[in-house]
Amino acid sequence: MISRARSEQLFAEALKYIPGGVNSPVRAFRAVGGQPFFVNRAKGAHVWDVDGNELIDYVGTWGPAILGHAHPKIIKAVQQAAEQGTSFGIPNPHEVTMAKLICELVPNVEKVRMTNSGTEACMSAIRLARGFTKRDKIIKFDGCYHGHADSLLVKAGSGALTFGHPDSAGVPASFTQHTIVVPYNDPEALRAAFAANSGQVAGVIIEPVAGNAGLYVPKPGYLEFLREITAANGALLIFDEVMTGFRLAAGGAQQRFGIKPDLSCFGKIIGGGLPVGAFGGRADIMDYLAPLGPVYQAGTLSGNPVAMAAGIAALEELKATNAFDLLEKLGAQLESGLRDAAKSASVPVTFNRCGSMFCGYFTDQPVHNLADAMKSDRERFKKYFHGMLDAGVYLAPSQFEAGFISAAHSTEDIDRTVAAAAKVMKSL
Ligand code: KE4
C-alpha cells in the first residue's frame with residue numbers, strides 16, 4: 001500500500017495558508033479527486049514525493065522540463081549566474097544572448113521582449129496587437145488557454161475548463177466584450193466572425209496545437225487558412241507557443257507547420273524551469289513597444305539574469321543534442337503502446353499526439369475541438385489517473401491537460417508506463 005502520509009500532512013498545513021492549498025488551481029487534483037502529493041526532488045524523467053514514492057513524470061512541470069528535471073547543464077548555469085547576483089534591474093548580457101537565441105531558432109521572430117510568465121507574454125502581445133492595428137477586438141478559440149489575463153479568460157482551457165466554469169468570476173463583462181470565441185478547426189465559424197466584425201479585429205490568438213483541453217491538432221490546411229484570413233482582414237496572427245515553442249521543433253509549431261505568424265508568445269522551456277515568458281515577431285510591430293513606441297509593457301524581473309542563464313542553457317542543449325528526433329521516437333512508442341493497451345482492454349480511447357505532447361481521451365469519437373473533448377468520460381479518466389499514479393506513473397491530473405515526454409524518458413520508462421496502462425485499463 002502506497003503511503004502518502006507526509007504529503008497529507010503538508011496539504012493540511014498548506015490549506016491553512018494557501019487558497020485550496022496550491023499556488024495554481026490545476027495542482028489541487030480537484031478534477032481527479034483525492035489530494036495532491038508534494039515533491040521535493042526531481043531528476044530526469046522521475047520525481048520523488050515527500051514520502052519517497054518514485055514516479056515517472058509525464059507533466060514535466062507543465063512543459064518546461066523537456067530535457068528532464070535538474071539537467072546538470074541548467075543547474076550549473078543557475079549556480080554560476082546566481083553567484084554573480086540574482087537580479088540587477090539593469091540590462092545584463094544574458095538578455096542579449098537569450099534574445100539572439102530566440103530570434104535564431106524562430107526566424108519569424110525579428111525582435112523579442114522577455115516577461116515573467118506565459119500569461120504576461122500573451123497579455124502583452126494582445127495589447128501590442130491592439131496598439132499596432134488601432135483595433136479593439138480579439139478572436140480566440142474555445143478550449144485554448146492563454147494565461148489568466150482578464151480579457152482572455154473566456155471559454156479558456158486548462159484549469160479554468162477543468163473547473164467547468166470556463167468564464168472566471170471577477171472579470172467584468174466590459175473586459176471581455178471585445179473577445180470573440182470560435183470553435184477550433186472550424187473555418188466557417190471564423191469566416192463568420194470576421195464578417196460580423198469587419199475592420200474591427202486586431203488579432204487572432206491561437207495555440208497552434210491546442211494543449212489546454214487535452215490535446216487536439218489543427219486539421220490539414222487550417223493554420224494556412226488562419227494565415228490567409230487574418231492577412232486578408234488586416235488582423236495580426238498570434239501564435240501562442242508557450243507550450244509548443246521549442247518543443248514541437250527547434251522553431252516550434254510555426255516551423256513544424258510552416259506558418260509565419262505576425263507575433264508569437266513563449267514561456268516554459270525558455271526558462272529552463274525558472275519563471276520566464278516572452279513575446280516577439282515582426283520588428284515593425286515590436287517597435288511599437290515602450291520605450292520606442294506608444295504601447296506600454298514592463299516587468300521588474302523581466303530578463304532576470306538567473307532565469308535567462310537557465311533558459312539559455314536549456315535552448316543551447318536542445319540545439320546541441322537535437323532532442324527532437326528522440327522525442328518523436330519516444331512519442332511514437334508511447335502512442336502505439338497505449339493504443340494497444342486500450343484495445344486489449346476493450347476500452348474506447350482516442351489518443352491524440354503531436355511530437356512529445358499527447359492526450360488520451362476516454363471516448364470512441366475523434367477529438368478535433370473542445371466540444372469533442374467534452375464528450376470524454378471523465379469518471380473513467382479519474383479512475384485511470386489514480387490507477388496509474390498508484391502504479392508509479394504521474395499523468396496530468398485532469399482530462400483537459402496535455403502530457404509531456406522529455407528527452408530524459410527512457411524506452412524502459414515507456415515500457416513500464418504501457419504495462420501499467422494495460423493493467424489499469426482492464427479495471428476501468
Ligand atoms: P503561465 O502564465 O502559466 O506561465 O502561462 C500561461 C499559458 C499560456 N499559454 C499556454 C498555451 C499555456 O499552456 C499556458 C499555461 N499552461 C498551463 C498548463 N495547461 C500551466 C499550468 C498551470 O496553470 O498551473
Side-chain angles (χ1 to χ4, degrees), residues 23-24 42 59-71 73-82 84-106 109 111-128 145-149 152 158 207 211-212 238-248 250-254 263-281 286 289 297-319 404 406:
N23 283 308
S24 196
V59 176
T61 175
W62 302 100
I66 190 170
L67 295 166
H69 292 287
H71 189 284
K73 289 185 178 171
I74 295 176
I75 300 300
K76 187 154 169 264
V78 167
Q79 285 167 333
Q80 288 176 338
Q84 307 303 316
T86 53
S87 179
F88 310 129
I90 305 165
N92 71 76
H94 296 307
E95 293 174 274
V96 182
T97 308
M98 172 63 89
K100 283 168 73 176
L101 256 177
I102 290 175
C103 294
E104 175 204 331
L105 290 169
V106 192
V109 173
K111 285 194 176 177
V112 62
R113 171 65 61 86
M114 303 312 295
T115 64
N116 299 286
S117 69
T119 294
E120 275 187 54
C122 294
M123 174 182 78
S124 308
I126 296 292
R127 184 182 310 134
L128 178 59
Y145 176 69
H146 306 293
H148 59 90
L152 288 170
S158 187
E207 290 181 57
N212 282 290
I238 305 168
F239 268 18
D240 176 353
E241 295 228 44
V242 168
M243 201 181 254
T244 57
F246 313 98
R247 174 170 285 278
L248 295 186
Q254 53 196 275
L263 291 175
S264 301
C265 305
F266 304 107
K268 297 183 190 280
I269 287 170
I270 61 169
L274 272 68
V276 176
F279 62 107
M286 293 301 288
L289 282 173
Q297 188 278 337
T300 303
L301 296 172
S302 298
N304 173 274
V306 182
M308 294 295 98
I312 290 164
L315 292 182
E316 284 179 346
E317 183 65 7
L318 276 174
K319 262 178 72 180
F404 301 93
S406 80

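Distance check, rounded to the nearest 0.5 Å: CG of Leu152 to CG of Asp240 gives 9.0 Å. How far CD of Glu316 is from CG of Leu105: 9.5 Å, rounded to the nearest 0.5 Å. To the nearest 0.5 Å, atoms CG (Leu263) and CZ (Phe279) are separated by 8.0 Å. Between Leu67 atom CG and Ser406 atom OG the span is 8.0 Å, to the nearest 0.5 Å. Residue Cys122 holds its SG atom at 13.0 Å from CZ of Phe239, rounded to the nearest 0.5 Å.
Shown here are the side chain to side chain contact (heavy atoms under 4.5 Å, CB included) partners of His94, two or more places apart in sequence or in another chain: Ala81, Asn92, Pro305, Met308, Ala309, Ile312. Partners of Ser124 under the side chain to side chain donor-acceptor pair (under 3.5 Å) rule, at least two apart in sequence or in another chain, do not exist in this structure. Residues passing the side chain to side chain contact (heavy atoms under 4.5 Å, CB included) test with Glu104, sequence neighbours excluded: Leu101, Lys319.
Between Ile66 and Phe246, the closest heavy-atom pair is CD1-O, 3.5 Å. Pairing each heavy atom of Cys265 with each of Ala125, the nearest pair is SG-CB, 3.7 Å. Looking at every heavy atom in both residues, Met98 comes nearest to Ile270 through CE-O, 3.1 Å. Minimum heavy-atom separation, Trp62 to Pro64: C-CD, 3.3 Å. The two residues Ala149 and Thr119 come nearest to each other via the heavy atoms N-CG2, 3.7 Å. Pairing each heavy atom of Asn116 with each of Ser302, the nearest pair is ND2-OG, 3.3 Å.
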Output, in order, the C-alpha distance, side-chain angles, deciding distance and verdict of side chain to side chain contact (heavy atoms under 4.5 Å, CB included) for Met114 and Ile102. CA-CA 11 Å; Met114 303 312 295; Ile102 290 175; 4.3 Å; yes
Ile269 and Leu318: CA distance, side-chain angles, deciding distance, side chain to side chain contact (heavy atoms under 4.5 Å, CB included) verdict: CA-CA 10 Å; Ile269 287 170; Leu318 276 174; 3.9 Å; yes
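Proximity of Phe404 to Met243: side-chain heavy atoms (C-beta onward) are separated by under 4.5 Å at one or more points. Taking 4.5 Å as the limit, every side-chain heavy atom of Leu301 sits out of range of all side-chain heavy atoms of Pro275. Two residues are said to be in side-chain contact when any heavy atoms from C-beta on lie closer than 4.5 Å; Glu207 and His146 meet this criterion. Contact annotation: the side chain of Val276 never approaches that of Phe266 to less than 4.5 Å [non-hydrogen atoms, C-beta and beyond]. Contact of the Met286 side chain with the Val109 side chain is not registered, since no non-hydrogen atoms from C-beta on lie closer than 4.5 Å. Between Lys100 and Thr97 the shortest side-chain heavy-atom distance does not fall below 4.5 Å.
Remark: side-chain polar atoms of Thr244 are not paired, donor with acceptor, to backbone N or O of Gly252 under 3.5 angstrom. Judged by distance alone, with hydrogens and angles left aside, the side-chain atoms of Glu241 form a donor-acceptor pair with the main-chain N or O of Ala253 at under 3.5 Å.
Arg113 and Gln297 are linked by a side-chain donor-acceptor pair at a separation below 3.5 angstrom, with hydrogens and angles left out of the test.
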